[in-house]
Each structure stands twice: as C-alpha cells, then as structure tokens.
There are 2 protein chains.
Amino acid sequence: METQNLKKAGLKVTLPRMKILEILERSETRHLTAEAIYRELLDSGEEIGLATVYRVLTQFEAAGLVSRLHFEGNQAVFELERGRHHDHIVCNECGRVEEFFDETIEQRQREMAREHGFQIKDHALVIYGDCMDESCPHRVA
Amino acid sequence: METQNLKKAGLKVTLPRMKILEILERSETRHLTAEAIYRELLDSGEEIGLATVYRVLTQFEAAGLVSRLHFEGNQAVFELERGRHHDHIVCNECGRVEEFFDETIEQRQREMAREHGFQIKDHALVIYGDCMDESCPHRVA
DNA sequence: ATGTATGCAAAACATTTGCACCTGG
DNA sequence: CCAGGTGCAAATGTTTTGCATACAT
C-alpha cells in the first residue's frame, strides 16, 4: 500500500499524507488542483488545512510521487506519478484531461534541443481543444 | 510605425501604449515579464504604473499584438506577435529563450487531438534544458 | 523524547479592479 | 468636450511561511 511509498520517500506516515494519496489514487479525473483535494478532504470530514495540502503535494513532488502541471489558468494541477511519461490534451469547455504519448514528438523535441545547443532536461506539451464527449456541456458537434 | 497597429486595434495612441510597444520591439531577448517592462519604463524615466502595464498588455493580447506565455515560474512572459507560430526552448540556468518550429511536431499534435476526439484549438510546448551558451553562468559544457 | 508535521493566521506574489483624475481626438 | 485611459491603492486568488501545538517513531 501507499505506506510503502511514503516510507520509501523518507516521509513519516501521517494521516494527511495518506488521505491525500488516497484521493489522488481514487480520483476519476486523475488531475486535481490543491483546492479540489482540500474540498474532498473537508467533504470526507477530515480536518486538514489547505496549507498542509500544499506542503504535502510539494513534498510528494520532490519525492517523485506526483507531478505538478501548469495548464492555462492560475492553479497548478497535480497527478499521481505512474512512471510513464505523457503529455496532455485539455478540453477548453469542460476541462476534461486526456493523456497521450507520441514517440515522434519526443524525438523531434530532442532534435530541436540539439539543434539549438540545449541539453534537454524536460518539456511540457499541452494541447487545448474542444472535446466531443457527450458529457461536455459546450460540445459543438 | 506602431501608431498604425494601435489604431488598427481600436486603441487610442497614448504614451504608455507606445512606450510599451517600443520596449517590446527593442528588446534583445524578445520575451519579457510585465515587471521587466515596468522596470524598463521606470529606468527611462516614465511615470507609468504597473497596473497600466498589465492592462495594456492584456489589451495588446486581445488585439493580437502580443502573446502571453506561461513558462515554469509564476510570471507570465510577453512577446511581440509576429505572425509566425513557434514554440519555445528555455534555459533552466540563464533563462534564455529560443524559438523553434517543427512541422512534424505540429502534424503529430493534430493527429493526437484527432485520435482523442478533440477539435484542436491551440497548444503550448516548452522544452526546458541547459544551454551551452558562453554567456550562460551555470554552463556545464 | 524529539524531531517532524500540522493548523491557523499572516505574508508573499502576480495580477486585477475601483475610482478620481487626466488626455487624446 | 467626453469617452476612454491612467495612477494609485486596495482587492483578489494562489501558494508559502512563521509559529505554537500535536504526532509518529
């Protein structure tokens, strides 16, 4: 269980940390803001402060347990790190997030970095669009 | 001159707007935060408020005169819009920004959006790395 | 016990807004 | 002249921090 991951990361196994991990694991959308996690904690009756949520998420990020993403908008979004690199497509209308991976894009990025004399360390690619999900409220098609 | 662009955008030709356009045009790095523009204004003796800088940049963005970029870090970065879409490579060490364009990446993005049932509207791709510029203070190589 | 974690309130930032005054056309 | 623009200060929204208390080992 998650107890292992926490210990492995050198973090004490505390209630806030376990609860936050649980929420990230159970999440349907898998991409949550600190606020969203905080609200879920409140809803399940936990007395955990928003500051703690931010502190825990920052520690999780440092430990490689979660990734912090920056989509348009002002809040960071957090997702559980599952070791498979991927990029994101976000629906402008309903906020739905999909993940994708394309080796050709990865390759071309490495090539672009090389051409410009950069030692590539990381990259962030987000595609914005309108999804055609039936649940999407502003769906065009 | 820039007077044209302002009028075309339906914006009165005021001193703050002209000065801000000038700074964006003259900028060596071409990618500036609102703060950086504000400081340049102060340095050149202009009495322009930071709020005005933000307001003007937001209007310029709406008019298509500038683009607002979100790199890692909390401040937005603004660049003069020159009509040629491109993505960015940013040096983690010295903050230098390079632009690039790769049709293969563009194509694959469209394909990824299509595969996931999204009507692509926009995208943001930033590559982070260490540059090997001789002026880069933390240069490794 | 003892070093860490947490909660709360306050601080820190980046950015936006309200409002009285100024300015461009 | 007058709608629109600007400066300043105050508000906002997100994230971080200080500090006294509580908890895991």
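In the text below, chain A, chain B and the rest are named by the order of the sequence lines, each starting its count at 1.
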Check: Whole Å only: how far is the CD atom of E46(A) from the P atom of dA22(D)?
Finding: 18 Å
Checklist line | Salt-bridge contact E103(A)-R110(A) (side-chain N to carboxylate O under 4.0 Å) | finding: yes
Between the protein and nucleotides 10-15 of chain C, which nitrogen or oxygen pairs come in under 3.5 angstrom?
| from | atom 1 | to | atom 2 | distance (Å) |
| --- | --- | --- | --- | --- |
| dA14(C) | O3' | N74(B) | O | 3.4 |
| dT15(C) | OP1 | A76(B) | N | 2.9 |
| dT15(C) | OP2 | Y54(B) | OH | 2.2 |
| dT15(C) | O5' | Y54(B) | OH | 3.4 |

Note to self: Tell me if a side-chain donor or acceptor on R17(B) pairs with a main-chain N or O of K12(B) at a distance below 3.5 Å.
What the structure shows: yes
Notebook entry, point to check: Is a side-chain donor or acceptor of T58(A) paired with a backbone partner of Y54(A) at a separation under 3.5 angstrom?
Noted result: yes
Checklist line | Any donor-acceptor N/O pair, S44(A) side chain to E40(A) backbone, under 3.5 Å | finding: yes
Item checked: L6(B) CG to dT6(D) P, straight-line distance once rounded to whole Å -> 10 Å
Check: Quick one: do R108(A) and E111(A) make a salt bridge, cutoff under 4.0 Å?
Finding: no
Next item on the list: To the nearest Å, give me how far apart CZ (F60(B)) and C1' (dT6(D)) are.
Entry: 14 Å
Checklist line | Value in whole Å for how far the P atom of dT6(D) lies from CG of L57(B) | finding: 11 Å
Check: Where does the angle between the aromatic ring planes of F100(B) and H116(A) fall among parallel (under 30°), tilted (30 to 60°) and perpendicular (over 60°)?
Finding: tilted
Margin query: Expressed as a whole number of angstroms, how long is the span from Y38(A):OH to dT6(C):C1'?
Written below: 13 Å
Next item on the list: Give me the ring orientation class for H31(B) and F71(B): parallel if the planes are under 30° apart, tilted from 30 to 60°, perpendicular past 60°.
Entry: tilted
Next item on the list: Start with the C-alpha distance between E72(A) and V126(A), add both sets of side-chain angles, then the distance that settles side chain to side chain contact (heavy atoms under 4.5 Å, CB included), and finish with yes or no.
Entry: CA-CA 9 Å; E72(A) 296 275 322; V126(A) 185; over 6 Å; no
Note to self: With no hydrogens and no angle check, just 3.5 Å: does a side-chain donor-acceptor pair link E79(A) and S67(A)?
What the structure shows: no
Check: What is the distance from CG of L69(A) to P of dT14(D), rounded to the nearest Å?
Finding: 17 Å
Check: What integer distance in Å separates K19(B):NZ from dG7(D):P?
Finding: 13 Å
Next item on the list: Compute the angle between the rotation axes at the two ends of the helix from dA1(C)-dT25(D) to dG25(C)-dC1(D), each taken over five pairs, rounded to 10 degrees.
Entry: 30°
Check: Between dC23(D) atom C1' and R17(A) atom CZ, what is the distance in whole Å?
Finding: 11 Å
Next item on the list: Supply the atom-to-atom distance N92(A) CG to I120(B) CD1, rounded to the nearest 0.5 angstrom.
Entry: 10.5 Å
Taking N or O atoms only and anything under 3.5 Å, show me the protein contacts with nucleotides 18-25 of chain C, one pair per line.
| from | atom 1 | to | atom 2 | distance (Å) |
| --- | --- | --- | --- | --- |
| dG18(C) | O6 | R55(B) | NH1 | 3.2 |

Check: Is any NZ, NE, NH1 or NH2 atom of the basic residue among E99(A) and R30(A) found under 4.0 Å from an Asp or Glu carboxylate oxygen of the other?
Finding: yes
